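On a predicted model such as this, the values are computed, not experimentally measured, just so you know. A note on names: the letters A, B, ... follow the listed sequences, proteins ahead of strands, and every chain is numbered from 1.
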Amino acid sequence: MQRFYTQLAQVLHTYTQVDPNLLTSLFEIPPDKSLGDIALPCFRFSKEWKKAPQAIAQEIASQVTHESLIERAVAQGPYVNFYLTRKIALTEVLDDVVQDRGVFTSNRGNSQTVAVDLSSPNIAKPFSMGHLRSTVIGTAISNLLASDGYNVLRINHLGDWGTQFGKIIVAYHAWGDPVLVQNNPITQLNALYVKFHEEALAHPELEDQARATFKRLEDGNEEDLALWRWMIDVSLAEFARMYTLLGTTFTHNLGESFYNDKMDAVVAELLQKNLLVTSDGAEVVMLDDISLPPCLIRRSDGATLYATRDLAAALYRHKELGASHLYYVVGNEQKLHFQQIFHVLSLLGYDFAASCYHIAFGMMRLDGRKMSTRKGQVVRLEDVVQEAISRARAIIEEKNPTLHDVEHVAQAIGVGAVIFNDLKTNRLHDIDFSLTNAVAFDGETGPYVQYTHARACSVLRKANVLQEDVSPSSMVTSWQNNHSDIDDPTWNLIKEISKASATRLRAIDEADPSLIAKHVLDVCQAFNYFYHECPILTAEAPVRALRLALTDATRVIIRASLVLLGLQHPAEI
RNA sequence: GUCCCAGUAGCUCAGUCGGAUAGAGCAACAGCCUUCUAAGCUGUGGGUCGGGGGUUCGAAUCCCUCCUGGGACGCCA
């Protein structure tokens, strides 16, 4: 659609002398399809031209007539509504898709390196629905950036360090059954963590023990370190199962502990640049210049803090990994923290601080409350995904019993439902977990998109188009000798497809995968309507060629969108 | 107490860099499979856009204020 805005602006510029960029920014899509394809509101010119907007609309509409792309222009009150020449527009849109003129790939990144911090679950805790958001949003953003020519580092910043390990080790020695823990590590370790907090209510001295135990771990006690390493191993094994299921991959698994030996250098650098101030015995960086509370670098007992670790991580990603842009897909509750980190980086004199982004999202809650591993109130992602997969399996057995590789497809659909449900609403909204919504297959869901894709594939399979590798443009060429008009369902689909390129760029600029999800839903709705209204295989030759070309373009757009969002796209479901 | 985010149909949400009668999906009801996958399509009902002011030719959208929910706020991460 953007390309038509540009072309129309050029045409109108010759009549009105108005800056084409202004025109492009004024264009909008009429509220009702019957009103036309592109509208120009004329209020803006009223003052300068000393005329009523209605009169201006009349005037512009009467001037614009025989332009190839513009079939006609109609004044409707203060608006000029433009109807595009469908045949010409159609050819351009399909050519864009076939030749990928910015539809699926672009190169604004120009091989610059960007580091995306995503997923980052905590060791020795179950992978909950709460971790789904960062994982799937981070994956989609990584895919989007890669499509724009960036070299993307996907970093899993595992929570593998901190006093919580002191707590677990204390609890393990006090109440742990080694055999039980060995057989079911995550569940048992988490149970011990929960028990620790219950017991600590009555026996506060446990907290001191935990701190002392963690100190011992930090000081390199071999027995504790062995237990800690073992917890990491079993946790990573469990996480790996989830990541395989979700189709998530990382280029780097760098936990918090990785930065243990890089903290002193950060403190030294802050000191050297005179940014550290002592306050109540702690060392902080004052951020009064942007009205933020101070950033704590070192506790009064000399230990470093979360902020110190994140500064070390940011500098590592920049200096050692060569990242010029840093993305952090982390919950909204850490907004202040990242504002502080980014500003400290800029006080240190790093220009890349301006290219650091906190991609925040709302909290996943359960029954209106925050999920809490301490209280044992969590929904395990695996349970939800398995439920979705078994529902998908049941539907396949009912509707398509002869399908090959049912297990693989059921998994693609079940996982797709869970991922898409999270991705389609990427606001800062908190989400109250709903199993019904998470595993829904009807309406605006992942399975609906996957179903539509399979439907398009099925048509193309029956037409032998996929096998013969006939290009859509050749199909269009054969159709263009035909004189029939393009009907509304076909035209609607063309217009939705034409938005793909601008949608992808906007999704990248706003780091918002939900824009892709919403757009692909629109494409699917337009295709299903077209599919219902317009017979494809049984149409006479030239029309059939056009409809097949359009079906193929749709299939390619849907597939690309699913890939960006991290969903699978089976050809048959 | 200070700051941040959110508040749109019974439910989940679009629309938020101001524009035409505020749109989808789910749920409810009514239709559509001898025809390309009915996980689909079509239709009906459903709204003080949290309240109140203001700016403007025009406000769900911008400004002010209040209400509600959530979050953050120096030695946890």
Side-chain angles (χ1 to χ4, degrees), chain A residues 25-26 28 30-32 35 39 41-44 46-47 52-53 76-79 81 120 122 159 161-164 256 279-284 291-307 309-310 330-337 339 360 362-363 365 368-370 391-392 395-396 398-400 403 413 417 421 424-425 427-432 434 436-437 440-452 454-463 514-515 518 521-522 524-525 527-539 547-548 551 572-573:
Chain A
S25 71
L26 289 176
E28 52 191 72
D32 190 304
L35 286 171
C42 298
F43 307 97
R44 192 66 165 266
S46 188
K47 265 187 189 149
Q76 178 79 242
Y79 294 85
N81 292 324
S120 311
N122 293 319
W161 202 245
T163 44
Q164 74 234 29
E256 292 168 2
S279 165
D280 293 339
E283 299 195 62
V284 307
S291 307
L292 287 183
C295 180
L296 255 80
I297 299 299
R298 199 142 66 168
R299 286 194 323 218
S300 41
D301 68 1
T304 53
L305 285 144
Y306 180 40
R309 196 172 296 275
D310 263 359
V330 179
N332 194 29
E333 68 274 13
Q334 294 195 34
K335 182 169 181 168
L336 174 61
H337 167 71
Q339 285 178 324
M363 186 173 286
R365 28 184 83 248
R369 282 176 299 182
K370 183 175 180 174
R391 291 191 192 197
I395 294 176
I396 291 168
E398 178 199 334
K399 305 199 177 202
N400 195 0
L403 180 67
I413 303 296
N421 181 249
K424 75 177 175 192
T425 302
R427 299 272 312 179
L428 291 158
H429 275 135
D430 292 345
I431 295 181
D432 202 353
S434 150
T436 310
N437 287 344
F441 291 171
D442 295 334
E444 296 171 334
T445 64
Y448 170 75
V449 177
Q450 290 167 315
Y451 169 80
T452 308
R455 209 178 206 189
C457 287
S458 173
V459 172
L460 295 167
R461 205 161 42 234
K462 288 188 174 161
S514 77
L515 297 175
K518 281 162 203 151
L521 282 170
D522 288 341
C524 288
Q525 273 159 6
F527 177 76
N528 282 319
Y529 180 55
F530 160 81
Y531 177 91
H532 188 263
E533 297 294 315
C534 307
I536 302 165
L537 296 175
T538 56
R547 290 179 179 168
L548 281 171
T551 302
E572 194 179 349
I573 71 174

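Here A:Y529 lies in heavy-atom contact (under 4.0 Å) with sugar-phosphate atoms only. Using a 4.0 Å heavy-atom cutoff across all strands shown, A:L292 reaches no nucleic acid atom at all. Counting non-hydrogen atoms under 4.0 angstrom, A:C42 reaches nothing in the nucleic acid. In this structure, A:D280 reaches the bases: a heavy-atom distance under 4.0 Å links it to at least one base atom across the strands shown.
Between A:N421 atom CG and B:C11 atom P the separation is 18 Å, expressed in whole Å. Rounded to an integer number of Å, the gap from CD1 of A:I431 to C1' of B:A6 is 13 Å. The separation between A:H532 atom NE2 and B:G43 atom P is 11 Å, rounded to whole Å. Whole-Å rounding puts the A:E28 CD to B:G15 P distance at 16 Å. Per the geometry, NZ belonging to A:K424 stands 7 Å off C1' belonging to B:U12, to the nearest Å. If you take CD1 of A:I396 and C1' of B:A38, they are 16 Å apart, rounded to a whole angstrom.
Here A:R365 does not pair with A:D432 in a salt bridge; the nearest charged N to carboxylate O distance is not below 4.0 Å.
Judged by distance alone, with hydrogens and angles left aside, A:S300 brings a side-chain donor or acceptor within reach of the base of B:C75, the pair sitting under 3.5 Å. On a pure distance criterion of 3.5 Å, a polar donor-acceptor pair joins the side chain of A:N81 and the base of B:A20.
Here the CD1-CG distance, from A:I573 to A:L403, works out to 8.5 Å after rounding to the nearest 0.5 Å.
In this structure, A:R455 is positioned above the aromatic face of A:Y531, its NZ or CZ under 6.0 Å from the six-membered ring centre and within 45° of the axis.
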